[in-house]
Amino acid sequence: MRRIQAGSALSAFGLGFTVPYLYVYVAQVRGLGATTAGVVLAVFAMAALVVLPFSGRAIDRRGPVPVLLAASAVAAVGAVGMGLASSVPAAVGAAALLGAGTAVLQPALATMIVWCSEPAGRTRAFALQFFLQNLGLGVGGLIGGQLVDVNRPGSFLLLFSIEAAMFLVLAAVVGTVRTAGSAALQDTRPAAAGKGGGIRALLSHKAMVQLCVLGFVLFFACYGQFESGLAAYGTEAAGIAPSTLGVALAANTAVIVLAQFLVLKFVERRKRTRVIAAVGLIWALAWIIAGYAGLGHGSQAMATAAFVSTYALFGLGEAMLSPTVAPLVADLAPESMVGSYNSAFALVKQLALAVGPAVGGPMGASLHGPYIVTFVLFSLLVTVLAVRLGKQLTPVQNQPSLAVRPSRVVAQHQPAQETAAV
């Protein structure tokens, strides 16, 4: 488990080097223009949508280790190709490889965590993964910002080379997990894999379908707005300086890193759906504060503080979700379909991240009032959907701590009654 978590953190560290600068690199450094940069980002996202429907079955049939090794290699080739890309076809092709490779990593890692952990420990395992990934992204972005120079394409080649190296390190670390004697990863193909599974089985699972709908709303109302609609709203309606957007994102990451293990004990003792419902209320408050930042009549300093607070509250909600949603996906999955369930949920997330900017970007830039009202309602919808999902779960699925709670029934000793022979 430690090796899996370390590899996950290092891959996130590598992504942090390049993700914030991909648009600038294609449009300005390589001189391919804003349109090409937009196409590259779209291809990066679309590649994930293409491969995720197939990755789950591959994980279930072949096991997560070989799938992750292949995805790491593809992502590494894509990263190097992007660093060398000087033409539109080269940039688009590299983006496709990079997007496809990185998309498969998360469900493969999630499946490995599931098979290396007991249900009672998954909450903490997924919380640790989320913490390390955010820490890796933040540190990688910070170091990358110090190395990058828009006047030197070679500096970007260095960033993409570091990213590729981190993917290979992930492959090397994960490649040793099975030989380390982990019983959970020996013979990683479940015996029932490929029998009775598939998309029909998943769609017939009412609780999983409801969780996917809930997941789409969660990612659409939060992650899908960070760098699109909310950023546009902040600069256009609230008059936030572009540099403040970086401060707001830093506040979001800081809250996640600082609060993750503080909220973990709170989350572990409560029903998962109640925690998710509480996140919907927290995010509704965050959107209301964002409304004050852009639509209120306070000072610019107050507007800035309110806007940064919005991102901080989103971070608090994310810290509560990380030990809740991903373990729930794992606990709902049949043994032979863990990879399929994780990939399906990753696909839902990717769809929300694609639709979110397309809807939120134009609204945040021009329809300020309707934008805030829309996403307050979406946040409240999270609460409603979470309450409905709770009715589809077993008590242990909703609160795994019940499975390990010691019984309060004290066994009483009944002395044996002697029987007299007649």
Side-chain angles (χ1 to χ4, degrees), residues 1 4-5 7-9 11-12 48 52 55-56 59-60 64 68 102-137 184 202 205 207-219 222-223 256 259-261 263-264 266-268 270-280 315-335 337-353 382 385-386 389-390 393 396-401:
M1 179 65 77
I4 297 170
Q5 298 286 25
S8 178
S11 65
L52 282 172
S55 62
I59 291 170
D60 290 332
L68 189 142
T102 55
V104 178
L105 293 180
Q106 184 54 39
L109 285 167
T111 303
M112 293 183 70
I113 291 175
V114 171
W115 288 352
C116 280
S117 63
E118 297 296 328
R122 286 176 192 154
T123 296
R124 192 166 293 269
F126 278 102
L128 178 60
Q129 184 198 33
F130 187 71
F131 167 82
L132 291 174
Q133 285 182 335
N134 276 275
L135 185 62
L137 284 170
L202 192 151
H205 192 166
M208 182 59 187
V209 172
Q210 288 191 13
L211 180 58
C212 286
V213 173
L214 173 59
F216 181 88
V217 177
L218 280 169
F219 295 121
C222 176
Y223 299 91
I256 292 172
Q260 184 63 85
F261 294 103
V263 304
L264 185 57
F266 170 85
V267 170
E268 286 179 319
R270 285 161 178 81
K271 292 182 178 180
R272 287 166 167 171
T273 52
R274 289 185 180 178
V275 173
I276 300 172
V279 170
L316 176 60
E318 292 173 71
M320 295 170 65
L321 286 176
S322 63
T324 306
V325 176
L328 181 54
V329 174
D331 289 348
L332 288 176
E335 183 183 358
M337 294 185 65
V338 175
S340 295
Y341 273 55
N342 281 316
S343 294
F345 198 76
L347 177 62
V348 168
K349 178 179 179 179
Q350 196 64 37
L351 283 170
L353 295 180
V382 167
L385 292 175
L389 175 62
L393 304 178
V396 174
Q397 286 174 338
N398 209 359
Q399 189 175 350
S401 60

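Just so you know, these numbers use all the heavy atoms, side chains as well, and skip hydrogens, waters and symmetry mates.
Inter-residue side-chain proximity for Leu128 and Phe261 is flagged as met; some heavy-atom pair is nearer than 4.5 Å. Contact check for Phe126 versus Val114: side-chain heavy atoms found under the 4.5 Å cut-off. Residues Pro107 and Leu52 have side chains in contact (heavy-atom distance under 4.5 Å, counting atoms from C-beta outward). Looking at heavy atoms from C-beta onward, Tyr341 lies in side-chain contact with Pro334 at the 4.5 angstrom threshold. Residues Ser322 and Gln129 have side chains not in contact (no heavy-atom distance under 4.5 Å, counting atoms from C-beta outward). No side-chain heavy atom of Val104 sits less than 4.5 Å from a side-chain heavy atom of Leu68. The side-chain heavy atoms of Leu385 and Gln210, taken from C-beta on, include no pair separated by under 4.5 Å.
Residue Arg274 qualifies as open at atom CZ: its count of foreign heavy atoms under 6.0 Å is 12 or below.
The shortest non-hydrogen separation linking Ala352 to Phe219 is CB-CB, 3.5 Å. For the residue pair Ala386 and Thr273, the shortest heavy atom distance occurs at O-CB, 3.3 Å. When all heavy atoms of Ala48 and Ala103 are compared, the pair lying nearest together is CB-CB, 3.4 Å. Taking both residues in full, the closest heavy atoms of Leu353 and Tyr223 are given as CD2-CB, 3.5 Å, listed atom of the first, atom of the second, then distance. Residues Leu202 and Ala344 come closest through the heavy atom pair CD1-CB, 3.6 Å. Between Ile59 and Gly339, the shortest heavy-atom contact is CG2-CA, 3.8 Å.
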Q.
Working note: Met208 + Val329, criterion side chain to side chain contact (heavy atoms under 4.5 Å, CB included); need CA distance, chi angles, decisive distance, verdict.
A. CA-CA 7 Å; Met208 182 59 187; Val329 174; 4.0 Å; yes
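In summary, the side chains of Gln133 and Gln106 do present a donor paired with an acceptor at a separation below 3.5 Å, with no hydrogens or angles considered.
In this structure, Arg270 CZ and Asn398 CG are separated by 13.5 Å, a value rounded to the nearest 0.5 Å. The distance from atom CG of Asn342 to atom CG of Leu109, rounded to the nearest 0.5 Å, is 10.0 Å. Atom-to-atom distance recorded for Cys222:SG and Leu321:CG is 8.0 Å, nearest 0.5 angstrom. Atoms CD1 and CD, from Ile256 and Glu318 in turn, are 4.0 Å apart once rounded to the nearest 0.5 Å. If you take CD1 on Ile276 and CG on Leu211, they are separated by 6.5 Å, rounding to the nearest 0.5 Å. Taken from CG in Leu135 to CZ in Phe130, the straight-line distance is 12.0 Å, to the nearest 0.5 Å.
Screening Asp331, Val325, Leu393, Val267 for a side-chain contact (heavy atoms from CB on, under 4.5 Å) with Arg272, the sole residue that qualifies is Asp331. Under the side-chain contact (heavy atoms from CB on, under 4.5 Å) rule, Leu214 has a single partner from Val209, Leu328, Leu389, which is Leu389.
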